[in-house]
Amino acid sequence: GAVVSQHPSWVICKSGTSVKIECRSLDFQATTMFWYRQFPKQSLMLMATSNEGSKATYEQGVEKDKFLINHASLTLSTLTVTSAHPEDSSFYICSARPRPRRTLITGTSGSEQFFGPGTRLTVL
Amino acid sequence: QKEVEQDPGPLSVPEGAIVSLNCTYSNSAFQYFMWYRQYSRKGPELLMYTYSSGNKEDGRFTAQVDKSSKYISLFIRDSQPSDSATYLCAMSAGYGQNFVFGPGTRLSVLP
């Protein structure tokens with residue numbers, strides 16, 4: 001269980017074009033999805049947090065008009081890189097957080113995130 | 001001081017060794033602690049998830065949390081070459097709170 005898919009896994013595009021990346025939670029409902037980017041040999045950098053049915057919250061320094069996020073359902077979020085430039089080339093990873101659940105031991109749990117396999121974007 | 005610190009490595013060990021990976025943090029509000037494994041050009045994979053202090057064991061992996069010292073560890077017993085990856089620690093203050101990731105430690109297990 002807890003599988004997250006991303007599509008496409010690898011995309012090459014020309015400078016100035018837009019690219020859409022899909023993130024799907026396959027076997028659970030995700031109230032929150034996250035978008036990260038990762039440069040080679042560096043850690044994950046959170047770009048934005050999206051909750052189903054509401055506007056995404058962007059991290060400082062991330063252009064919301066350039067990175068459009070839509071979280072239309074509990075299983076799908078999309079990231080569109082608009083007017084892509086070579087400096088946007090990176091590894092984009094989404095993650096999804098399941099609905100909260102209660103356990104006897106830990107109280108409200110479900111804080112964990114499950115990551116997709118990532119999308120490698122190369123802008124020429 | 002960064003919120004989460006982790007030695008980036010690389011850490012090289014022989015096959016069969018016990019590996020110790022560690023993170024320190026500064027925010028005492030963190031309650032949820034995760035370890036992820038990330039192979040090259042792949043998304044992170046959740047390995048261990050711990051709430052509050054204590055130990056948790058799953059197969060060859062043991063996660064420890066010491067909230068008084070703000071220190072978490074991941075131990076890998078009988079390490080295998082297939083364990084070669086980058087290990088990321090992550091933590092959050094609670095549901096609805098964003099994760100804070102460590103920079104990751106690159107581990108190489110040599111056959």
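Below, read A as the first sequence line, B as the second, and so on, with proteins coming before strands; counting in each chain starts at 1. On a predicted model such as this, the values are computed, not experimentally measured, just so you know.
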Heavy-atom closest pair, residues A:Leu44 and B:Pro44: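 What the structure gives for the nearest pair is CD1-CG, 3.8 Å.
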Nearest heavy-atom neighbours spanning B:Lys42 and A:Phe91: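 For B:Lys42 versus A:Phe91, the nearest heavy atoms are O-CE2, 3.6 Å.
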Interface residue of largest heavy-atom contact number with chain A, from B:Gln38, B:Arg106, B:Gln31, under 4.5 Å: B:Gln38
Under 4.5 Å from a heavy atom of chain A, the part of B:Tyr39 involved: neither
Structural part of B:Glu45 lying under 4.5 Å from a heavy atom of chain A: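 Interface part for B:Glu45: neither.
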Would [X] end up clustered with [Y] when hydrophobic side chains under 4.5 Å apart are linked, directly or stepwise?
X       : Y        : answer
A:Val62 : A:Leu121 : yes
A:Tyr36 : A:Tyr58  : no
B:Leu46 : A:Met33  : no

For chain B, the option from A:Cys94, A:Ser43, A:Pro117 that forms the most heavy-atom pairs under 4.5 Å: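 Among the listed options, the one with the most contacts to chain B is A:Ser43.
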Leading residue by heavy atom contact count with chain B [cutoff under 4.5 Å; candidates A:Met45, A:Gln42, A:Gln38]: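 The candidate making the most pairs under 4.5 Å is A:Gln38.
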More than 12 heavy atoms of other residues, nucleotides or ligands under 6.0 Å from [atom1] of [X]: yes or no?
X       : atom1 : value
A:Lys66 : NZ    : yes
B:Arg41 : CZ    : no
A:His85 : NE2   : yes

Side-chain heavy atoms of A:Phe34 within contact of B:Phe99, under 4.5 Å: no
